[in-house]
Amino acid sequence: MIGLIGKKIGMTQTFDKDGKVIPVTLIKAGPCKVVQVKTPEKDGYCAVQLGFEERAEHRVTKPLLGHFKKYESAPYRYLREFSLEDPTDVEKGEMITVSIFAAHEIIDVIGTSKGRGFTGVMKRHHFAGFISTHGSHESFRGPGSIGMCATPSRVLKGMKMAGHHGNARITTKNLQIVKVDEENNLIMIRGAVPGHRNSLVILRKEK
C-alpha cells in the first residue's frame, strides 16, 4: 500500500535525543477501508479506492450510496484513489492503518493550501514594494509597469499581478516522519504541511 487519507490536527513541537526542538505537524491518518480494487482487465488501470470517515446513509447522495452498496461497504465521507503496480497486494474490505508507515520514513503530503482571497502583488508574489520617500506618492504597494510601449503593446500572459491567492492543491515532498502512534492513528511529520486545521490531507509514500 502506498498511501493513506488523513486530517491535519495542527502543529506542535517535540524534542530529539539531544534536546533540540523539532517542529511537527500532527495528522490523524486513517483507518481507511478498501472500498474498491481496480484492475486493468475491468477498469483499464491498477488502483485502490480508500474510504475515510464513515457517515450516515442520509448524508450521502443516491448515486454514491449505490456505489457503496455495490461494493458492500458502509458510506464514507471521503473517497480517494491510489495507484498500484500490483492490485493483488490488497483485498476489498481490508482496513489500512498508520502501520504502513514507520518513523524516519520520507513521504509526500498532498493538501489544499489556505485561501487568502484577492491579494496584491506584495503578498501574492513577494514584490518588494516602492520606496516611501524621495517624492513617491499614491502607489507604494503596486506592481509598477506591467505592459510594453509600442511592441507588443499589450500585457504578456503570465504577468505577475494581483489576484486569487491560495486555495490550491499543493504537494509537499520529502517530509520526514518523526513518530507513528498506531494506538491513536496519529502521525507526527517534521515541519509544516499544506492546509488549515481539520483539512483533508493525503499521505503518500515517496515514489
Side-chain angles (χ1 to χ4, degrees), residues 1-9 25 27-115 157-158 163-177 180 182 185-196 198-207:
M1 193 63 210
I2 65 166
L4 206 58
I5 310 170
K7 270 193 171 181
K8 177 179 176 179
I9 296 177
T25 301
I27 294 177
K28 178 176 174 57
C32 296
K33 183 178 180 179
V34 177
V35 176
Q36 180 185 3
V37 178
K38 299 196 173 184
T39 59
E41 296 77 23
K42 186 175 181 180
D43 304 286
Y45 64 100
C46 294
V48 60
Q49 188 180 77
L50 298 185
F52 178 60
E53 284 193 358
E54 280 194 43
R55 64 187 329 193
E57 287 190 3
H58 72 276
R59 294 284 185 184
V60 181
T61 61
K62 285 186 178 180
L64 203 53
L65 188 60
H67 175 77
F68 287 118
K69 288 183 177 179
K70 178 181 178 181
Y71 294 100
E72 302 174 347
S73 171
Y76 284 88
R77 184 175 184 182
Y78 301 106
L79 281 177
R80 293 294 185 273
E81 279 191 10
F82 294 84
S83 60
L84 284 177
E85 292 183 0
D86 186 5
T88 60
D89 292 342
V90 292
E91 295 181 1
K92 188 181 70 173
E94 183 181 348
M95 297 299 292
I96 310 297
T97 66
V98 294
S99 60
I100 65 171
F101 296 110
H104 309 298
E105 188 176 354
I106 302 299
I107 64 171
D108 300 336
V109 178
I110 303 170
T112 302
S113 60
K114 292 181 181 179
K157 289 183 178 180
H164 183 89
H165 183 197
N167 195 30
R169 179 185 169 99
I170 302 292
T171 301
T172 306
K173 296 185 176 183
N174 302 325
L175 295 178
Q176 185 185 45
I177 295 176
V180 176
E182 294 186 26
N185 297 310
L186 296 175
I187 293 181
M188 282 186 180
I189 298 178
R190 188 183 188 112
V193 304
H196 55 78
N198 294 320
S199 63
L200 189 74
V201 293
I202 296 174
L203 310 179
R204 187 179 66 189
K205 287 181 178 286
E206 188 183 27
K207 291 184 178 180

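Values in this document were obtained by computation on a predicted structure and should not be read as measured data.
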- Any Lys/Arg nitrogen of E105 or K205 sitting under 4.0 Å from an Asp/Glu carboxylate oxygen of the other? yes

- Quick check: does any side chain N or O of H164 sit under 3.5 Å from a backbone N or O of G166, one acting as donor and the other as acceptor? yes

- Between V34 and I96, is any pair of side-chain heavy atoms under 4.5 Å apart? yes

- Show the numbers, then the answer: is there a side-chain contact (heavy atoms from CB on, under 4.5 Å) between T112 and I170? CA-CA 6 Å; T112 302; I170 302 292; over 6 Å; no

- Query: Are P75 and L65 side-chain neighbours, meaning at least one heavy-atom pair lies under 4.5 Å?
  - Reply: yes

- Message: Closer than 3.5 angstrom, by distance alone: can the side chain of S113 be matched with the main-chain N or O of P194 as a donor-acceptor pair?
- Response: no

- Item | Separation of S199 OG from I9 CD1 (nearest 0.5 Å) | 11.0 Å

- Message: Donor-acceptor check, side chain of S73 to backbone of F68, threshold 3.5 angstrom: yes or no?
- Response: no

- With the side chain counted from C-beta on, respond yes when V98 and L203 share a heavy-atom pair under 4.5 Å apart, and no when they do not. no

- Task: Quick one: closest heavy-atom pair of A29 and I187, and the distance?
- Result: CB-CD1, 4.1 Å

- With side-chain contact (heavy atoms from CB on, under 4.5 Å) as the test, would you mind laying out the steps for L186 and I27 before giving the verdict? CA-CA 6 Å; L186 296 175; I27 294 177; over 6 Å; no

- Query: Does a side-chain N-to-carboxylate-O contact under 4.0 Å join D108 and R204?
  - Reply: yes

- Query: Should we say atom NZ of K92 is surrounded by more than 12 heavy atoms from elsewhere, each under 6.0 Å from it?
  - Reply: yes

- Query: Does any non-hydrogen side-chain atom of I202 lie less than 4.5 Å from one of V109?
  - Reply: no

- Message: Please find the pair of heavy atoms, one from R190 and one from L175, that lie closest to each other, and give the distance.
- Response: O-CD2, 3.9 Å

- Verify salt bridge (charged side-chain N to carboxylate O under 4.0 Å, His left out) between K7 and E53, making sure each step is shown before the conclusion. CA-CA 10 Å; K7 270 193 171 181; E53 284 193 358; 3.2 Å; yes

- Any side-chain heavy atom of I2 sitting closer than 4.5 Å to one from S83? yes

- Query: With a 4.5 Å limit on heavy-atom distance, are the side chains of F52 and L200 in contact?
  - Reply: yes

- Take I110 and V201 through the test side-chain contact (heavy atoms from CB on, under 4.5 Å) and record every step on the way to the result. CA-CA 6 Å; I110 303 170; V201 293; over 6 Å; no

- Task: Taking all heavy atoms of L50 and all of L4, pick out the closest pair and write down the distance.
- Result: CD1-CA, 4.5 Å

- Task: Determine whether the side chains of Y71 and Q36 contain a donor N or O and an acceptor N or O closer than 3.5 Å.
- Result: yes

- What's the shortest heavy-atom distance between G30 and N185, and which atoms? O-CB, 4.0 Å

- Note on the structure: residues 28-46 vs salt bridge (charged side-chain N to carboxylate O under 4.0 Å, His left out), sequence neighbours excluded, gives K38-E81

- Nearest heavy-atom approach of G195 to K8 is O-NZ, 2.7 Å

- Message: Could you measure the distance from the OH atom of Y76 to the SG atom of C32? Nearest 0.5 Å is fine.
- Response: 8.5 Å

- Query: Would you say the side chain of I106 lies within less than 4.5 Å of the side chain of I177, judging by non-hydrogen atoms?
  - Reply: no

- Under a 4.5 Å cut-off applied to non-hydrogen side-chain atoms, are P40 and C46 in contact? yes

